[in-house]
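One structure is given here, and the rest of the page talks about it.
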Amino acid sequence: MTDHATAVAHPNIALVKYWGKRDAAMSLPATGSLSMTLDVFPTRTTVTVDAGLAADVLELDGRVLEGTPLDRVARFLDLVRELAGDDRRARVATTNAVPTGAGLASSASGFAALAVAASAAYGLDLSPRDLSRLARRGSGSASRSIVSGVAVWHAGDGDETSFAEPTEAPDMAMVIATVEEREKPISSRAAMARTAETSPFYPAWVSDTSATLERMVDACAAHDLDLVGRIAETNALRMHALIQSCDPPIRYLTAASLAVLDRVEALRADGTLAYSTIDAGPNVVVLCAPADAERIAASLADVASTVVARPGPGAHLVEDDA
Ligand code: DP6
């Protein structure tokens, strides 16, 4: 007997970053964070539960993966099996339009799609809040890709209260400026752990980011896009300063990233509302008003390859053809 379900999820870009865990086993973050789910780079995942399988199987873009990626998915499926009281193994087939490992948060769309598809395939009917909590266990930022548009992920005081939900926000666009598509030098998971262990600035980051999140939620509710952008750029540059202060140091920003940051400053000097944010990689995302996005993308064409993104849907089930 087999049961299957297919889900689609999109990456999200944080405007207040998640960088640090207070409980790695439960994937509880040191602070809350806020992001926009994109309408580009979908991940599509089909989960087929099969009593005939001796072990879980993972396929990414038609290639069978073993080792760490399979272990991470199998551990995640164990959580779903425990909730469902069903110990059958599953085949997970994913197609990913996100440049994997380039700092565009492919684990966010990946685990959000997996949470939605696996819970349905195992017969669970979870609320959006419980899906967000489940996705969080796969990858912290995946908790936010369950949500459409702008999401706030509450740090919470435990597993029950650490989930993402929609929050009021101005209409915005993001220009994804890709300067490099190669694998990043160190995963965000490992870099986050090294930051907490070795950076003398980590306690300041945790207290500052908690306060920043409150200001960001207020700026979003006030529909003040300029203030949202300013808070986001400051928070992202503080995260990169923090990461660079590890021992041994980690640096994701390259000369090509800085060239985009310079351009964004120049756009602002010319009166365009544009602010930068950068995840754990060299690529820059420019936050702007929807009406300016195409012009900003065109102005960056000589320093990056650009894609304009708008707020996208949360992870959801789709018709499956398994
Ligand atoms: C820089 O969610 O990938 O993108 O919870 O260890 O899987 P794990 O980390 P992950 O980290 C994302 C870090 C970030 C900032 C953000 O998305 O908030």
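The chain is numbered in sequence order, starting from 1. For ligands, and for the atoms within them, numbers begin at 1 and follow the listed sequence.
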Under 6.0 Å from the CZ atom of R251, do we count more than 12 heavy atoms belonging to anything else shown?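 Atom CZ in R251 is not packed in, count stays at 12 or less.
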Under 3.5 Å between any N/O of [X] and any N/O of ligand 1: does that happen in this structure?
| X | result |
| --- | --- |
| K17 | no |
| W19 | no |
| A14 | no |
| N12 | no |

Does S33 come within less than 4.0 angstrom of ligand 1, counting non-hydrogen atoms of the residue? no
Could you tell me if any non-hydrogen atom of R72 lies under 4.0 Å from any atom of ligand 1? yes
For a quick test of reading the model, state the closest non-hydrogen atom pair linking R133 to F163 and the distance between them.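 Minimum heavy-atom separation between R133 and F163: CG-CB, 3.7 Å.
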Given the rule in the side chain to side chain contact (heavy atoms under 4.5 Å, CB included) test, do V116 and L131 qualify, once you have shown the distances and angles that lead to the verdict? CA-CA 7 Å; V116 170; L131 281 169; 4.2 Å; yes
Which atoms of ligand 1 sit under 4.0 Å from any heavy atom of [X]?
| X | result |
| --- | --- |
| K21 | 5 (O), 6 (O), 8 (P) |
| R189 | 5 (O), 6 (O), 7 (O), 8 (P) |
| S107 | 3 (O) |
| A280 | 1 (C) |
| S188 | 3 (O), 11 (O) |

Side chain or backbone of R136 under 4.0 Å from ligand 1, or both, or neither, by non-hydrogen atoms? neither
Is the contact between S141 and ligand 1 made by the side chain, the backbone, both, or neither, using heavy atoms and a 4.0 Å cut-off? both
Just by distance, with hydrogens left out, do [X] and [Y] show a side-chain donor and acceptor under 3.5 Å apart?
| X | Y | result |
| --- | --- | --- |
| T43 | N96 | yes |
| D279 | Y252 | no |
| T195 | W19 | yes |
| R144 | T37 | no |

S276 and its side-chain contact (heavy atoms from CB on, under 4.5 Å) partner, picked from V284, V175, L267, V260: V284
Main-chain N/O of A51 paired with R89 side-chain donor or acceptor, under 3.5 Å: no
